[in-house]
Amino acid sequence: MSAIGVVSSCSCLRPGVWLLKPGMQKMSSFGLHTAARCAAKDYYEVLVLGGGAGGITMSARMKRKVGAGNVAVVEPSKTHYYQPLWTLVGGGAKQLAASARPTGSVMPKGVEWIKSRVTALDPDKNCVWLDNDSKIKGLPEGFHHPKIGSNYSVHTVEKTWKALQDFKEGNAIFTFPNTPVKCAGAPQKIMYLSEAYWRKTGRRSKANIMFNTSLGVIFGVKKYADALLEIIKERNIAVNYKRNLVEVRADKQEAVFENLDKPGVTEVHQYEMLHVTPPMGPPDVLINSAVSDEIGWVDVDKETLQHKKYPNVFGIGDCTNLPTSKTAAAVAAQSAVLDKTISLVMKNQLPTKKYDGYTSCPLVTGYNKVILAEFDYDAQPLETFPIDQSKERVTMYHMKADMMPFLYWNALLKGYWGGPAPVRKLMHLGLK
């Protein structure tokens, strides 16, 4: 039998890969071979490449199946971040330190932590190799200048809060790139927080707020898009569709956008504040890899999360080609399905549990308001609570700011939280 591998969530769309060696379906020894001096041994029954939300979550689940000594995680970063909190860090509502914990503290006890990077994958030989270009012109060097920030990096998220505080008068521009991104709602969440902050501090009348998005809609689910458009109209925010940021001239405080309806045609905007959502894509190690599709995403069945070519390879999180929003909430739901899938494969049985594409985006629209968007593969609402979740609610804000971080650190990363499906079923009396 071939090895089993799981490619998991990415940071900047960071990989995690898990492979199990031959014999697993017969419940005998299985493992993945590694080529690295930093590994304690050269094979593991389960090797997780990437210590993001998906990687840590599934390593905790796999530890309970095969034992801690048979699981290893490859992750070079010393710090693990709860990135959904960065929206509130950028808006000044939370401190960056609240989103961080040492990677060692979230690593499942007894699991081997290999502090290295993946350089190549060979699923045909059950091997990985470890070592000891989408781009915006003018970045990342432009972040050394004031008035520009991004909630998508630990190095730039606090610059967002500084730019927000230092704003005096002029254009405040928020961008959405022409690529997949982590949490598609995040680029506009910081815009609503900024608007609320300037209202609170008496500077709103001096701010011309612009949302320049490469998309043709404000949000992919109509129910929530309609609610957001009402808020945008009420708060006098300008939305420019099909505008993709291609250059930042930070020394001149200029942002250059391409009109995607007129390729090659650009327009230049002066800014007093610029929040950049950077272009994102699959990690280099996955591009042209045998486990990836033509773009570079891990090619898995959207229901079972099993690889389409290699039946012993599985995927979870940001680096897969699952047609759903890349969020921690999606990872939670995927982990519950993947847990069942791998258990059946271990017994030489076909996967039966199906992932419906569930994902969630708590759309922060103010310092005490959230629209809790939950939906499936078909962009249809899949809401947990028996209320209209397209309404702004204080309760949903506290769920985002306080309850979700607690669930993340204490349940998801320990392999005990598989998403809200059981809660939804209870709330809707089994009808959803």
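Sequence positions, counted from 1, serve as the residue numbers for this chain.
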> Looking at side-chain heavy atoms only, is the closest gap between Val181 and Pro177 below 4.5 Å?
Replying inline: yes

> Any chance NZ of Lys369 has more than 12 other-residue heavy atoms, nucleotides or ligands included, within less than 6.0 Å?
Replying inline: no

>> Walk me through whether Val89 and Asn151 qualify under side chain to side chain contact (heavy atoms under 4.5 Å, CB included).
In response: CA-CA 8 Å; Val89 174; Asn151 287 358; over 6 Å; no

> Are the side chain of Glu254 and the backbone of Arg249 linked by a donor-acceptor contact shorter than 3.5 Å?
Replying inline: no

> What residue pairs, at least two apart or across chains, pass side chain to side chain donor-acceptor pair (under 3.5 Å) with a residue in residues 273-286?
Replying inline: none

> Tell me, do Tyr358 and Thr324 make a side-chain contact under 4.5 Å, heavy atoms counted?
Replying inline: no

> So does Asp402 pair up with Lys94, basic N to acidic O under 4.0 Å?
Replying inline: yes

>> Under 6.0 Å from the ring centre and within 45 degrees of the ring axis: does the NZ or CZ of Lys326 meet both conditions for the six-membered ring of Trp297?
In response: yes

>> In terms of relative ring orientation, are Tyr82 and Tyr408 parallel, tilted or perpendicular, with 30° and 60° separating the classes?
In response: tilted

>> Treating Arg199 as the side-chain partner and Gly202 as the backbone partner, does any N or O pair qualify as donor plus acceptor under 3.5 Å?
In response: no

> So Val71 and Tyr44, side chain to side chain contact (heavy atoms under 4.5 Å, CB included) or not? Walk me through it.
Replying inline: CA-CA 6 Å; Val71 181; Tyr44 295 87; over 6 Å; no

> How far apart are the closest heavy atoms of Ser292 and Leu286, and which atoms are they?
Replying inline: OG-O, 2.7 Å

> Could you go step by step and tell me if Ile371 and Gln389 meet the side chain to side chain contact (heavy atoms under 4.5 Å, CB included) rule?
Replying inline: CA-CA 6 Å; Ile371 291 173; Gln389 290 182 199; 5.9 Å; no

>> When you compare the side chain of Arg424 with that of Leu382, does any pair of heavy atoms fall below 4.5 Å?
In response: yes

>> Do Val48 and Val74 make a side-chain contact, defined as non-hydrogen atoms from C-beta onward lying under 4.5 Å apart?
In response: no

> Are any of the side-chain nitrogens in Asp388 or Lys223 under 4.0 Å away from the carboxylate oxygens of its partner?
Replying inline: yes

>> Quick test of your reading of the model: are Arg204 and Glu195 salt-bridged, counting only N-O distances below 4.0 Å?
In response: yes

>> Under a 3.5 Å distance rule, please check whether Asn321 uses its side chain to pair with a backbone N or O of Val300 as donor and acceptor.
In response: yes

>> Are Thr304 and Leu338 packed together at the side-chain level, in the sense that at least one heavy-atom pair is separated by less than 4.5 angstrom?
In response: no

>> Assess the residue pair Lys252 and Glu247 against the criterion (salt bridge (charged side-chain N to carboxylate O under 4.0 Å, His left out)); give the C-alpha distance rounded to whole Å, side-chain angles, the decisive distance to 0.1 Å, and a yes or no.
In response: CA-CA 12 Å; Lys252 300 178 180 178; Glu247 182 180 359; over 6 Å; no

> With ring centroids as reference points, do Trp86 and Tyr152 lie under 6.0 angstrom apart?
Replying inline: no

>> Test side chain to side chain contact (heavy atoms under 4.5 Å, CB included) on Ile316 and Ser335; report intermediate values, then the result.
In response: CA-CA 7 Å; Ile316 183 174; Ser335 73; 4.0 Å; yes

> Does any non-hydrogen side-chain atom of Leu274 lie less than 4.5 Å from one of Phe174?
Replying inline: no

> Is any side-chain heavy atom of Pro351 less than 4.5 Å from a side-chain heavy atom of Gln306?
Replying inline: yes

> Is the CD atom of Gln165 crowded by more than 12 outside heavy atoms at less than 6.0 Å?
Replying inline: yes

> What is the ring orientation for His269 with Phe257, classed by angle as parallel under 30°, tilted 30 to 60°, or perpendicular over 60°?
Replying inline: perpendicular

>> One pair to check against salt bridge (charged side-chain N to carboxylate O under 4.0 Å, His left out): Lys182 and Asp318. What are the steps and the verdict?
In response: CA-CA 7 Å; Lys182 291 171 71 75; Asp318 296 347; 2.4 Å; yes

>> Could you go through Glu169 and Lys206, starting from their C-alpha distance and side-chain angles, then the distance that decides it, and tell me whether this counts as salt bridge (charged side-chain N to carboxylate O under 4.0 Å, His left out)?
In response: CA-CA 5 Å; Glu169 183 176 5; Lys206 298 180 179 181; 5.3 Å; no

> Counting only heavy atoms not in Lys308, do more than 12 fall under 6.0 Å of its NZ?
Replying inline: yes

> Just by distance, do the side chain of Arg64 and the backbone of Met62 share a donor-acceptor pair under 3.5 Å?
Replying inline: no

>> Is the terminal nitrogen or CZ of Lys302 (NZ for Lys, CZ for Arg) located under 6.0 angstrom from the six-membered ring centre of Tyr377 and within 45° of that ring's axis?
In response: yes

>> Under a 3.5 Å distance rule, please check whether Arg61 uses its side chain to pair with a backbone N or O of Tyr416 as donor and acceptor.
In response: no

>> With a 6.0 Å cut-off (strictly less than), is the heavy-atom count around NZ of Lys340, excluding the residue itself, greater than 12?
In response: no

>> Looking at every non-hydrogen atom in both residues, tell me the closest pair between Val313 and Pro123 and how far apart they are.
In response: CG2-CB, 4.3 Å

>> Working to the nearest 0.5 angstrom, can you tell me the gap between Met273 CE and Gln253 CD?
In response: 12.5 Å

> Looking only at heavy atoms, which two atoms of Tyr367 and Ala196 are closest? And how far apart?
Replying inline: CD1-CB, 3.9 Å

> Which pair of heavy atoms, one from His307 and one from Val291, lies closest together, and at what distance?
Replying inline: NE2-O, 2.7 Å

> Should Thr213 and Thr175 count as side-chain neighbours, where that means a heavy-atom distance under 4.5 Å?
Replying inline: no

> So with a 6.0 Å cut-off around CD of Glu267, is the heavy-atom count from everything else above 12?
Replying inline: yes

> Is it true that a side-chain atom of Thr156 and a backbone atom of Lys159 form a donor plus acceptor pair closer than 3.5 Å?
Replying inline: no

> Looking only at heavy atoms, what is the nearest atom pair of Arg117 and Pro76, with distance?
Replying inline: CG-CG, 3.6 Å

> Okay, side chain of Ser360, backbone of Glu374: is any donor-acceptor separation there less than 3.5 Å?
Replying inline: no

>> Check whether Asp376 reaches the backbone of Gly357 with its side chain - one donor and one acceptor, N or O, closer than 3.5 Å.
In response: no

>> Would you compute the distance between atom NE2 of His145 and atom CG of Leu139 and round it to the nearest 0.5 angstrom?
In response: 10.0 Å

> What distance separates Leu85 CG from Gln95 CD, expressed to the nearest 0.5 Å?
Replying inline: 10.0 Å

> Rounded to the nearest 0.5 Å, how far does CD of Gln334 lie from OG1 of Thr341?
Replying inline: 11.0 Å

> Can Glu272 and Lys147 be counted as an ion pair, charged N to O under 4.0 angstrom?
Replying inline: yes

> Got a sec: does the CG of Asp261 have more than 12 other heavy atoms crowding it under 6.0 Å?
Replying inline: yes

> When rounded to the nearest 0.5 angstrom, what distance separates CH2 in Trp161 from CG in Asp166?
Replying inline: 10.0 Å

> Under the 3.5 angstrom rule, does the side chain of Lys400 hit a backbone N or O of Pro84 as a donor-acceptor pair?
Replying inline: yes

>> Which heavy atom of Phe219 sits nearest to which heavy atom of Gln188, and what is that distance?
In response: CD1-NE2, 4.3 Å

> So how far is it from Asn178 CG to Leu260 CG, rounded to the nearest 0.5 Å?
Replying inline: 5.0 Å

> Do the side chain of Lys189 and the main chain of Pro362 share a donor and acceptor less than 3.5 angstrom apart?
Replying inline: yes

